[in-house]
Amino acid sequence: MTIYDTASKTKRAFEPITPGKATLYVCGPTVYDDAHLGHAKSALVFDLLVRTLEANGLDVTFARNITDIDDKIVKKLAEQGASLKELTEFYTDAYHRDMDALGVRRPDIEPKATESMEEMISLITTLIKKGHAYKTQEGDVYFDTQKDEKYLSISHRSQETDETQSRIKENGFKKHPADFALWKHFDEGIRYETPFSSGRPGWHTECAAMIEKHLAVEGKYAIDIHGGGADLLFPHHENEAAQHRCAKGQELAKYWMHNGFVNIDGEKMSKSLGNSFFVKDALLSYHGEVLRFYLLSTHYRSDFNFNEIDLLSAKKRLDKLYRLKKRLFGMAESDEKTPFQTQLLEALSDDLNISKGLSLLDEMISHANEAMDANPKDKIAKRQAQSNLAYVQRLLGFGEQNPFEYFQFGIAPQVKATIEELIEKRSLAKAAKDFASSDLIRDELLALDISIMDTAEGTFWEKH
RNA sequence: GGCGCCAUCGCCAAGUGGUAAGGCCGGAGCCUGCAAAGCUCCUACCCCCAGUUCGAAUCUGGGUGGCGCCUCCA
């Protein structure tokens, strides 16, 4: 398996620290608002990574954190008058609901910042002790970037020029403009008591502390893979890595992975764009698996331009998988691993080449249909196809739904009853060779956005 | 200003030195009472210019056009 590593800027063979195992840490959401499509993309990408690692026989330990204390949360608390716990639990639940709908498997460990305070304080204390961090007279603690030779080795930035520096004068107590806050002193609001001052941790500290607490091993690297959105590369990941390096004398991660951005209709996502921004809104109009398929259909490192036209085109592609699933309904699967399965895993194992994988999937579906068209009783072909679908479901997370229910997404129960009545009436007309009436009923159904298909097993319908 | 990414069929999107995957849309056909679905067939000299090479979408240089990070951000 190969992985593109941002730090070395190359695609490298994945060689886990401990043979047979893989540790993965991904930066999760800050829970002060609903999850947007960018959160979804990131969660989906790393869900696919976990599945691919597992399919390669690795025992994966996957942690994704919840940031449940930071300035944005505190600000929202003040606006809403809620307690910290109420607010963060509300949005954590919402996040779980949305990601579940997208078929994203829950991480093995989901550490929370508020539950990792001891580890953060201990990390900061170590950094102060080792001379890598300093306390200002205001009670803040800063990381001394100038004392870390390898600072910026992950993101490959150059130290800022004097001219740029002069523009940054936010804090006169910092020794160097690039130094970042490990601890911010506060006299009021939500704060924690520490030996250095009462206050709150800086954002970059929590991930470093949680990795150390939950995943780290001795040696050159603490964990195998660290992932997150491309925007986190700098400063977030660079700063996490610097803290860990200076405190523990080892690199934080062996491989760094960053997923591209999601834009909406060519624009960077912003709240002013409205509805399509949040996952929960997209889920009102589209099945979660359609969104999953669409968001995963482009390579993870590319920027993704979300728009409804492409989403519909992705849906049509997924529909074909479900039509095959319908066609194979109730059929047993064969045990053997087919060439398709081998090739699909190979494609995904090449830095998650999903496009290659989906082209293989399309071909597999066509071949299965072709075989069944040629010989509807070909049980071997059917069992193999069923086995292929099961493999796709496990590796890609496509095809989790009952195929009949999938095509009924967005249909209210009363409407469903009406549809089925109409189909019943049409079948009677058809049996009586009254095609004028049966075609009229079909037009009625079409007006409801329902397509019907007559098969040997009866008349099926789909909502479009 | 600093650093970096991208440009492949109408649309989405792989391929990164050996002569262009796949999907959507469109066209023709098979099947069907007619449809739908499914199947078959058809549609690209890879932004421009120069260079390296037996050979380049793929490497190098220069353009042009998009975009990102550097402040909170997935």
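Source: prediction; values computed, not measured. Proteins get letters first, then strands, A, B, ... in listed order; numbering begins at 1 in each.
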Asker: Whole angstroms only, please: what is the NZ-P distance between A:Lys433 and B:C34?
Answerer: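 My rounded result for the distance is 11 Å.
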Asker: Does B:C5 have a Watson-Crick or wobble mate here (both distances under 3.5 Å), and if so which one?
Answerer: B:G66
Asker: Side chain of A:Arg442, base of B:C34: donor and acceptor closer than 3.5 Å?
Answerer: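 Indeed, a donor on one side and an acceptor on the other fall under 3.5 Å apart.
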Asker: Report yes or no: do A:Thr61 and A:Asp108 form a side-chain donor-acceptor pair below 3.5 Å?
Answerer: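 No donor-acceptor contact under 3.5 Å links the two side chains.
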Asker: Once hydrogens and angles are ignored, does a donor-acceptor distance under 3.5 Å link the base of B:A37 to the side chain of A:Arg323?
Answerer: no
Asker: Starting from P on B:A14, measure out to CG on A:Leu352 and report it in whole angstrom.
Answerer: 13 Å
Asker: Ignoring the backbone of A:Ser438, work out which of B:G33, B:C39, B:G23 is nearest its side chain.
Answerer: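 The nucleotide sitting nearest to the side chain is B:G33.
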Asker: Expressed in angstrom and rounded to an integer, what is the separation of A:Phe407 atom CZ from B:G38 atom C1'?
Answerer: 12 Å
Asker: When you measure from the side chain of A:Asp454, which nucleotide among B:A21, B:A74, B:C34 comes out closest?
Answerer: B:C34
Asker: Rounding to a whole Å, what distance do you find between A:Phe304:CZ and B:A74:C1'?
Answerer: 14 Å
Asker: Return the pairing partner of B:U53 with a 3.5 Å limit on both distances, Watson-Crick or G-U wobble; otherwise return none.
Answerer: none
Asker: Any luck finding a side-chain donor-acceptor pair between A:Ser349 and A:Asn56 under 3.5 Å?
Answerer: yes
Asker: Quantified in whole Å, what is the P atom distance between nucleotide B:U52 and nucleotide B:A57?
Answerer: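 B:U52 and B:A57 have their P atoms separated by 16 Å.
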Asker: In whole Å, I'd like the distance from the OH atom of A:Tyr294 to the P atom of B:C24.
Answerer: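 Result: 16 Å.
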Asker: Pick the C1' atom in B:A56 and in B:G51, then give their distance to the nearest Å.
Answerer: 12 Å
Asker: Can you see whether A:Thr145 engages A:His176 through a side-chain donor-acceptor pair at a distance of less than 3.5 angstrom?
Answerer: no
Asker: Of the listed nucleotides (B:A74, B:A36, B:A14), which one gets closest to any side-chain atom of A:Leu232?
Answerer: B:A74
Asker: For the base of B:G33, is there a side-chain donor-acceptor partner from A:Asp439 under 3.5 Å away?
Answerer: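 It does, because a donor-acceptor pair links the side chain of A:Asp439 to the base of B:G33 below 3.5 Å.
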Asker: Measuring centre to centre across the rings, with the benzene-like ring taken for any Trp, is A:Tyr286 within less than 6.0 Å of A:Tyr294?
Answerer: no
Asker: My understanding is that a pair needs two contacts under 3.5 Å, Watson-Crick or G-U wobble. By that rule, which nucleotide pairs with B:C34?
Answerer: none
Asker: Classify the side chain of A:His299 versus the base of B:A14 as yes if they form a donor-acceptor pair under 3.5 Å and no if they do not.
Answerer: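 In this structure, the two groups form no donor-acceptor pair.
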